[in-house]
Enquirer: 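Have a look at the structure that comes next, please.
All residue numbers refer to positions in the sequence shown, counting from 1.
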Amino acid sequence: MTIRTDDVWVIGGGVIGLTSAIALAEDGRRVRVVSREPAGGTTSAVAGGLCWPYRIQPYERAVQWSVRSFQVLAELARRPEETGARMVTGTMASASVPDAAGEGHRAPQEPGNGVEDGLAAWYAAVPGLRRAHREELLDGCASGWRARTPLVDMPAHLRYLERRLTAAGGTVERRTLTSLEEAGRAADLVVNCSGLGARDLVPDPDVHPVQGQLVIVANPGIEEWFVSAETGAADTTYLLPQPYGLVLGGTAREHAWSREPDPAVAQAIVARCARYFPELAGARVREHKVGLRPARPAVRLAAERLSGGAVCVHNYGHGGAGVTVAWGCADEVLRTVREIEAGGHQ
C-alpha cells in the first residue's frame, strides 16, 4: 500500500506536537495539528522551561535529543522577545558529595534519575559547564555545577511555535479524537504527540502522570536559576526567573492525577526555596500551577501501521523533559517520515 506523506495529521498541540509539526511543515508537507486543548491549556504551558534532561528514559537517547534542542533554543534565544527563549546562568546543586571520577570528565547528575555515565554529549553541548567553586555554593549545598542554558517562557514560546507553524502553511484544529484510526481515516500519515492522552488514545497503560506543582511569586531580584534535586525525590527545590515572575518548585508525584493546587504543598515549596533564598519567605504569590508530566518507562518514538492502513509515528512519553528534547525528537520524527517515504516501513 502506498502511503502519502505530504498530508499529515499531528495529534497534540503541546511543545512536542508543535515542534514535530513545524519540522514536517518546513520540509514541505501539509500539516494539520489536531488538539483537544489550545496550546495554552496543555501541560507544556505549565512547564518551568529549563533546558535540562529530567525524568526521561532512555537517558542516552534523551541526551542526544537534548543536545539538538539546546542548539535550537540557544539560537532562538537571540530573539527572546519573539521566541520566549533566553540564555540564563544558574547552578545545578546537590546536597551530596560529588563523584570522585575527576573534575571536568563527567557531566552533572540528572536530577531525579541518578544517571551520570554516557553524558559526554550533554557536557559538550553546554558551553562553559563546570563544577561550582565552594564560594559559589549556597549553604546546604555540598556540590554543584554552573552552566548557562536556555530558559524558556513556555506560554510565549508556544505562541511563537504556533506562529511559525502557520507561516510554514500548517493549521491547528481544536478537536477531540477517540482513536488513532479516526485520524488515520483522514490522513495516511499520523504523528501521535498526545502525551498523557496516549494512555486512552492508543491505548497505552504504561503512560501515567507525574504531578508537578509550582508557585509563581513576585521576583525580589533573583536573576539566576537554581536547582537542587536529589535522586528519585518526590520533592525538589528550584527557582526559575521568568518574565512573568519567579517560578518556585516543585514536586514529582507519580500517578497523581489532580490538577488542583494543594495549599500545604505550595507552602512547603516556598519554605524549601526560602531556606536557600530567605527573601522569598515573604514574597507575594502571583499564581499556583499544577501540571501532569506524561511519563512512561521509555519514550515511544517509533512507527507502526494502524489497522486501517495508515502509518502512525508515535512521539510521546517525555516525562519532565518535553521542552528539553522537543526539537531533537522533531528531527527524529522527520527522519522517520523520510524513511517511510523511501519504503523503509512496511
Side-chain angles (χ1 to χ4, degrees), residues 11-17 35-37 41-50 52-59 61-62 65-66 109-115 154 176-180 192-216 227-238 240 247-273 287-302 314-326 329:
I11 305 172
V15 68
I16 296 295
S35 177
R36 65 185 179 190
E37 303 284 351
T42 64
T43 297
S44 299
V46 184
L50 180 66
W52 201 283
Y54 174 67
R55 284 188 174 266
I56 183 171
Q57 293 287 349
Y59 199 65
R61 285 182 76 192
W65 296 327
S66 301
Q109 180 174 326
E110 182 238 357
N113 189 294
V115 178
M154 288 307 297
T176 299
L177 297 172
T178 58
S179 69
L180 295 176
N192 174 25
C193 306
S194 56
L196 194 58
R199 182 179 177 90
D200 296 321
L201 189 65
V202 175
D204 185 347
D206 285 338
V207 180
H208 64 275
V210 177
Q211 182 201 64
Q213 182 165 331
L214 307 173
V215 182
I216 316 298
V227 176
S228 177
E230 297 304 313
T231 301
D235 294 325
T236 57
T237 303
Y238 57 85
L240 308 174
V247 178
L248 307 183
T251 63
R253 306 289 168 82
E254 297 273 349
H255 302 283
W257 284 90
S258 175
R259 296 177 186 267
E260 289 298 317
D262 183 326
V265 171
Q267 187 176 16
I269 288 171
V270 174
R272 286 199 301 274
C273 293
E287 191 176 0
H288 297 275
K289 293 185 177 182
V290 175
L292 303 181
R293 304 175 182 95
R296 194 174 185 273
V299 172
R300 188 179 185 189
L301 210 171
H314 295 287
N315 183 17
Y316 67 88
H318 303 85
V323 66
T324 303
V325 301
C329 289

Enquirer: Could you pull out all residues at least two apart from S258 that satisfy side-chain contact (heavy atoms from CB on, under 4.5 Å)?
Expert: Q211, E260
Enquirer: Under the side-chain contact (heavy atoms from CB on, under 4.5 Å) test, which residues partner D235, sequence neighbours left out?
Expert: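 Expected list: T251, R253, R272.
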Enquirer: Quick one: CG on L301 to CD1 on I16, what's the gap to the nearest 0.5 Å?
Expert: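 Answer for the CG-CD1 pair, L301 versus I16, is 8.5 Å.
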Enquirer: CD1 of I269 to CG of D262: how many Å apart, nearest 0.5 Å?
Expert: 9.0 Å
Enquirer: Does Q267 have more than 12 heavy atoms from other residues, nucleotides or ligands lying within 6.0 Å of its CD?
Expert: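 No, the 6.0 Å shell around CD holds no more than 12 heavy atoms from other groups.
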Enquirer: Among residues two or more places apart or on two chains, list those pairs meeting salt bridge (charged side-chain N to carboxylate O under 4.0 Å, His left out) that have a residue in residues 288-300.
Expert: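 Sorted pair list: D204-R296, R300-E304.
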Enquirer: Under the side-chain contact (heavy atoms from CB on, under 4.5 Å) rule, collect the residues that match up with A321, sequence neighbours excluded.
Expert: I56, T324, V325
Enquirer: Identify the two heavy atoms, one from S35 and one from G12, that lie closest to each other, and give their separation to 0.1 Å.
Expert: CB-C, 4.1 Å
Enquirer: If you compare all heavy atoms of P58 against all heavy atoms of A298, which two are closest, and at what distance to 0.1 Å?
Expert: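 That closest heavy-atom pairing would be CD-CB, 3.9 Å.
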Enquirer: For the CG atom of N315 and the OG atom of S194, what is their distance to the nearest 0.5 Å?
Expert: 9.5 Å
Enquirer: With sequence neighbours excluded, tell me which residues meet side-chain contact (heavy atoms from CB on, under 4.5 Å) with P261.
Expert: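 Counting only residues at least two positions away or on another chain, P261 forms a side-chain contact (heavy atoms from CB on, under 4.5 Å) with Q213, H288, V290.
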Enquirer: How long is the gap from CG on L248 to CG on L214, to the nearest 0.5 Å?
Expert: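 Here the rounded value is 8.5 Å.
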Enquirer: Quick one: does V227's side chain get under 4.5 Å of T237's, heavy atoms only?
Expert: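 When only atoms from C-beta onward are counted, T237 and V227 do not touch, as no gap falls below 4.5 Å.
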Enquirer: Does the gap between the ring centers of Y316 and H314 come in under 6.0 Å?
Expert: yes
Enquirer: Would you compute the distance between atom OH of Y54 and atom OH of Y238 and round it to the nearest 0.5 angstrom?
Expert: 7.0 Å
Enquirer: Would V299 and Q57 count as a side chain to side chain contact (heavy atoms under 4.5 Å, CB included) if you check the C-alpha gap in whole Å, the side-chain angles of each, and the deciding distance to 0.1 Å?
Expert: CA-CA 6 Å; V299 172; Q57 293 287 349; over 6 Å; no
Enquirer: Quick one: does R55's side chain get under 4.5 Å of E254's, heavy atoms only?
Expert: yes
Enquirer: How close do W257 and L196 get, heavy atom to heavy atom, and via which atoms?
Expert: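 Residues W257 and L196, closest heavy atoms: CZ3-CD2, 3.7 Å.
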Enquirer: Count the heavy atoms of every other residue, nucleotide or ligand shown that sit under 6.0 Å from CZ of R36, and state whether that count exceeds 12.
Expert: no
Enquirer: Minimum heavy-atom separation for P294 to G195, with atom names?
Expert: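 Minimum heavy-atom separation between P294 and G195: CB-C, 3.7 Å.
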Enquirer: Would you name the heavy atoms of P203 and P205 that are closest together and state the gap between them?
Expert: O-CD, 3.9 Å
Enquirer: With rounding to the nearest 0.5 angstrom, report the OG1 to CD distance, T176 to E37.
Expert: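 Interatomic distance, T176 OG1 to E37 CD, rounded to 0.5 Å: 7.5 Å.
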Enquirer: List the residues meeting salt bridge (charged side-chain N to carboxylate O under 4.0 Å, His left out) with R199, not counting sequence neighbours, and say none if there are none.
Expert: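 Here no residue qualifies.
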Enquirer: Hey, which of T178, N192, V207 is the one that makes side-chain contact (heavy atoms from CB on, under 4.5 Å) with L201?
Expert: N192
